[in-house]
Structure formats: C-alpha cells, structure tokens
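Sequence lines set the chain letters: A, B, ... in the order given, protein chains first and strands last, and positions in each chain run from 1.
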Amino acid sequence: MAAPKAFNATRGDKVFDICNVILMSLVLIVTLYPFLNVLAISLNDSADSVRGGITIIPRVFTFENYQQIFQYDGLITGLRNSIIRTVAGTLLGLLSASMLAYTLSRPDFQARKFTSTFLVVTMYVTGGLIPVYILFRDLHLLGTFWVYILPGIVSAFNVIVIRSFIDGLPYALQESAKLDGANDFTIYWRIILPLCKPVLATIALFLAVGQWNSWFDSYLYNGSHAEWTTLQFELMKVLQSTQQGGSGGMVNPNNMAEQMKQISPEAIKMAITVVVTVPILVVYPFLQKYFVSGMTLGAVKS
Amino acid sequence: METLTPGGASNNKPGAPAADATAGKRFKKQSFWRTALQQKYLYLMSLPFVIWAFVFSYLPLWGWTMAFQDFKPARGFFDQKWVGFKHFQELFTDDRFYLALRNTLAMSVMGLLVGFVVPIFFAILLNELRGMVFKRFVQTVSYLPHFVSWVVVAGIVTKMLSTQGGAINELLVGLHIIKEPIQFMAQGNWFWYIVTASDVWKEMGWNTIIYLAAITGIDPELYEASRVDGASRYRQMWHITLPGIRTTISVLFIMSIGHLIQIGFEKQMLLGNNLVLEYSQVLELYALQYGLQMGRFSYGTAISIFNSVVSLILLFTVNGIFKKVSKESIM
C-alpha cells in the first residue's frame, strides 16, 4: 500500500523537477536574450544590421560602431560627468548615511528620537516636481553639476539599513573604547565603520547604481547645458529622436543621430546601450551576497 | 548623573533623566546642556545632515503654497496673488486630469496585481530547484535587469517589440500566431500591458530576495515530516512554503498599496510617444507637461499635492487596517 504511493510521489516529483528546470531556463532566456541581442548588433556592421535577422552572434563582426560613438563629444562629456557623479555621490552618500546611522544607534543620544522621526517623514512626504524645481532655481542649482550631488546626499532608507546593521554589533566594543578615552567620532571612524563593511558595500552599490542610471535630473535641470550632460541622458536623446512620433518636442538637432548619418541610429543605440550597461554588469554579481542581506535588513526594519 | 566618568561620553540610559526628578529644575537644565556638550561629536555628526534634509525635503513642502497663488517666478513671496482653490477647481473640471488619473490607476493596479504575484511564485519555484549551481545562476541573472536603467530597458523593449526584426514579432509570425507584425509601440491599447510586462521583466528577480530570505526561515523539520507522510512537492509548496511566508506577503502587499498612486513616470515617459498619449499620460507627466513646461507652476503644484495627499490617505488607511488586524504597525 505504501510502496506505490511513494513511487507515485517520486515520479510526480521528477516530472515537477523537469518542468521547473524548463520554466527557469525560459526565464533565463527571456532575461538574457535581449542583452545578448543588443551586444551582437552593437558588434555588427551597421549597414549589414539593417537587413535584420541578427540574434546573439554578430554576422559581420566590427568594432566600428564603438569607434564612431566615441568620436562624439557629447558621449565623452557624458561619460566624464557620469563617472564623477557616481564616485562623488556614492562617497558623500555613504558618509552621511553611516554617520547618521551611528548617531541613531546610540541609545543615549539626546536628539535620537527627533532625528529619527525627522528622517522617516522624508520617506513618505515629498514636495513634488514643481516645488523642487522652484527650490533648485532659488538655490541656483539649475544648470550646474551640483544638482546631481547635493539633493541626494541624505537618504532615510540607507540610514535605516545601516542602523539596523549597527544595532546588531556588540555594544561592549564601544564601551571598552570609551573607557580607553576614545571620543564618539573616533569610535565611529575606527570601530564602527570597519565593522560595517558588508552593509556599506550594499549601500555603495545602491547609491552608485542610482547615480549611474539617473537621467531625469539631466533632462529637467541641465537639458540645455551640454557641458553637464550624462551618459544616460545622451542615450535617452538618441532613443527618443528615432522612435515613432517622438515624445513631445524632444528632438534635438544637435544630437548624435543627426551628427552621425554615416552609421545607422540602430547601431548607435545599441553601442551606447552596451557602454552604459557593462559597468553595472561587471560589478553587481560580486556584491550579490551583500545586497541580498542588505535588502533583507532594510525590509525587516522599514 | 554625577556618576558620569570624566571624559567618557554619558552611559546613562534614556530613563535616567526622569530618575532625578527630585533634583531642582535648574539642575536638570544644566545636566541637559552638560550631556549635550558631552555628546558634541554626535551632534556634529548628525546636525549638518538634519539641516540638509530640511533644505531638500522639507523646504519643497513650503512650495505647496504655490498651488493657492497665481505664482509668478519673478515676484517675491509677499507679492504673489492668492487665489484660494482656483487651480484645484480648474484641475477637477479638466478632462485631461481624469484621463491621467485613469491611466495612473490602471497601470498601478495592473502593476500591483501582476508585479506582486509573479515574484512570489518565482521565489517558491526557485527554492524548489535541486541543482545548486543552476539555482545560483538563475538568481544572479534574474537580478540583472533591476540594475539597468529605465532608459536602457525602454530601448530594449522598443527593440524587442519593433516591427522591423523585433524578436517578439518575429517569434509570433514564425509560429503563425499572427500574419502581420503588430505595431505594439504605436497602438494605445497595448501600452498598459507593455508597461506592466516591462516592469515585471525588470523587477521580478529583485523582488524575490525578501521572499527567499523568508523561505530560509521556515523550519526544515516541517518538510521532513511532510515527506514522511508522503506529501508531494506541490503539496509541500502549497501547505508549507506558502503559509510560511504569509506574514512577509501581507506586509509587502500593504506597503505596495500605500505606494499605489506613486508609480513614477519614468517608464511612461520613456516608453510612451505621441501616438499613445491617451494611454501613457500619468499624473506626474501631466504635472510636468502642463505645469512645468508650460510655465503654469501653480497648476502643476496642485496636481502634485493631489498626488501626495491621495497616497498619504492610502498609506494611513492601509496601515490602520493592518494595525487592527495584526496589532503591529508597519510605519
């Protein structure tokens, strides 16, 4: 009586396992194919690509598309700005979030309750597009590089994640340092920060990806300041200018597609897409175990 | 209070100041400043950022006054003309506002239903994979689209759905499901589905992280016991895994309802075009185009206020219901 039942269960399980592997392989294909397709077209001769039919292997291999896009000034400027904002924004964001998190983790800090409420409110209430725009105008941030860095320095979510990590560290470490005469800043800098490396790696990844991927601030605040363009904004301009219908007067006569009639817009799009995506692709798999635990920490607390 | 060691920052617990209520008011005040002085580094490390948050997060709220004025950027605050609810009245009689509201709600509800259910099943199925190397590979790959910008995703989606060699059209034609390629990006009735599908494609893997963490927390003995009883894998998933992550599911569900109306506008702006405007215009894009780009700052602010107020009401309602049901708050 028991034997056939067990047999059935194993057979059912085998069928299930096979179906599951097939399903997950489909997920893999659906996720990866578009990226591989973009890569293949970016490495294919642009005149040949027009014929279509390229899947994941280039038909007429060439690096010419990349040579072409890097002759365009906007891309070089954009690359420079994107790199600077990513590095500066990440470092400043890490510093602010870790300092705030440390002060909030101190049970004896007088302003702890106030600061914590003050920060949490910013997660739920936002002024909205136009009040922020007017504020930036009044602060003379429009048309400057600072508009990428300054507004994002304090993030309540990042503070919460780091704080819950610090809360998990043994408090005795701080107390013994205090007995040795260390001040609060020294404790933060010498003891807390080195122990926080895993969570700081997570937050650094979030901050860096956010900075690197940001395009709307370039569009809205620096749309007419070519010297402060970013890589994402350049890509956005190329994508929009060749789409059917365009999206409301964003076709710019100075943009790349117009300047580079010699290669097809398709090839430009794909090559820039690769340039924009590769840095992230290279970094994120190595930080996986950090961001997975960071997300879990953040979810528990917020 | 007197027991504080010199040089060392205070070790008193939060309850301590109340304990010396017997001491005079003056002494209490003094000890407050004394503690403040001892905590000067803590203040130095937090105060600048509190001011920072005040400038960039609280000052814009002051800008809400614009919605009740005929705001002219050149004038100072005291020279503005106050008009009461004029802009809100105009907003609530504008057909385009209701269109934008309809699109916002449609895409957020679709996103909530599909974008919420798919990651749960994906996490459960991932958990059932036997080969550890394969499982890790699928996980890593599934996180990839989350890290890619919406600009890139919009480019990829447009490429895949294109009528000239787009993979989806070629596949559908190749399988003889359709005869002619469909112009996905140029037909409004496809737009909501395209946005929802792109969102699922981008965030499905990322949203499994919390569920997978919750699944690891389930007692392995439950699975052992059910195996002894001859339960199949389907039954284990249905009767152990799913109930095991029930709390996580409900907390996340409530949180996403709170953000129902705040769906952002990036996808709509990047995937939309003039041909599908009737379906792609969402509230924030409406504020951008009819407020900012036309210089009607007051009108645009009124839209933003409507958006914020509705989402706050949603958040408090949902949190209130959740408190009643589970006796704990998520805020």
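Heavy atoms closer than 4.5 Å to chain A are found in the side chain of B:Met66, but not in its backbone. Interface remark: B:Phe122 contributes backbone and side-chain atoms alike to the contact with chain A (heavy atom separation under 4.5 Å). The contact between B:Tyr58 and chain A is made entirely by side chain atoms (from C-beta outward), counting heavy-atom distances below 4.5 Å. Interface residue B:Leu288: backbone and side-chain heavy atoms are both found under 4.5 Å from chain A. Contacts between B:Ser304 and chain A at a heavy-atom distance below 4.5 Å involve the side chain alone, from C-beta outward. Proximity to chain A is absent for every atom of B:Trp62, based on heavy atoms less than 4.5 angstrom apart. For chain A, the nearby parts of B:Ala36 are the backbone and the side chain; heavy atoms of each come within less than 4.5 Å. Contacts of A:Val30 with chain B are made by both backbone and side-chain atoms, with heavy-atom separations under 4.5 Å. Heavy-atom distances place both the backbone and the side chain of A:Thr126 under 4.5 Å from chain B. Both the backbone and the side chain of B:Glu128 have a heavy atom closer than 4.5 Å to some heavy atom of chain A. Both the backbone and the side chain of A:Phe118 come within less than 4.5 Å of a heavy atom in chain B. Interface residue A:Phe185: backbone and side-chain heavy atoms are both found under 4.5 Å from chain B. With a threshold of 4.5 angstrom between heavy atoms, A:Asp180 does not approach chain B through any atom at all. Heavy atoms of B:Val55 lying under 4.5 Å from chain A belong to its backbone as well as its side chain. Only the side chain of B:Phe265 comes within contact range of chain A, with heavy atoms under 4.5 Å apart. Contact of B:Ser308 with chain A is made through the side chain alone, with heavy-atom distances under 4.5 Å.
Less than 6.0 angstrom separates the ring centroid of A:Phe35 from the ring centroid of B:Trp201. No close placement of the A:Tyr188 and B:Tyr41 rings is indicated, their centers lying 6.0 Å or farther apart. No close placement of the A:Phe206 and B:Phe147 rings is indicated, their centers lying 6.0 Å or farther apart.
For the pair A:Asp184 and B:Lys40, the salt-bridge criterion is not met [side-chain N within less than 4.0 Å of a carboxylate O].
A donor-acceptor pair is defined here as one N or O able to donate and one able to accept, closer than 3.5 Å; such a pair exists between the side chain of A:Gln110 and the backbone of B:Phe32. Remark: side-chain polar atoms of A:Gln232 are not paired, donor with acceptor, to backbone N or O of B:Val152 under 3.5 angstrom. A:Trp215 places no side-chain N or O within donor-acceptor distance of the main-chain N or O of B:Val151, the cut-off being under 3.5 Å.
Classification of the A:Phe109-B:Tyr43 ring pair by plane angle, with boundaries at 30° and 60°, yields perpendicular.
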Legend entry - A:Phe16 and B:Leu125: CA distance, side-chain angles, deciding distance, side chain to side chain contact (heavy atoms under 4.5 Å, CB included) verdict: CA-CA 10 Å; A:Phe16 171 81; B:Leu125 289 176; 4.1 Å; yes
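Of the listed residues (A:Thr273, A:Leu129, A:Leu104), the greatest number of heavy-atom pairs within a distance under 4.5 Å of chain B belongs to A:Leu129. Between chain B and the residues A:Thr122, A:Leu28, A:Asn20, the largest count of heavy-atom pairs under 4.5 Å involves A:Asn20. Ranked by non-hydrogen atom pairs under 4.5 Å with chain B, the options A:Thr115, A:Asp138, A:Val21 are led by A:Val21.
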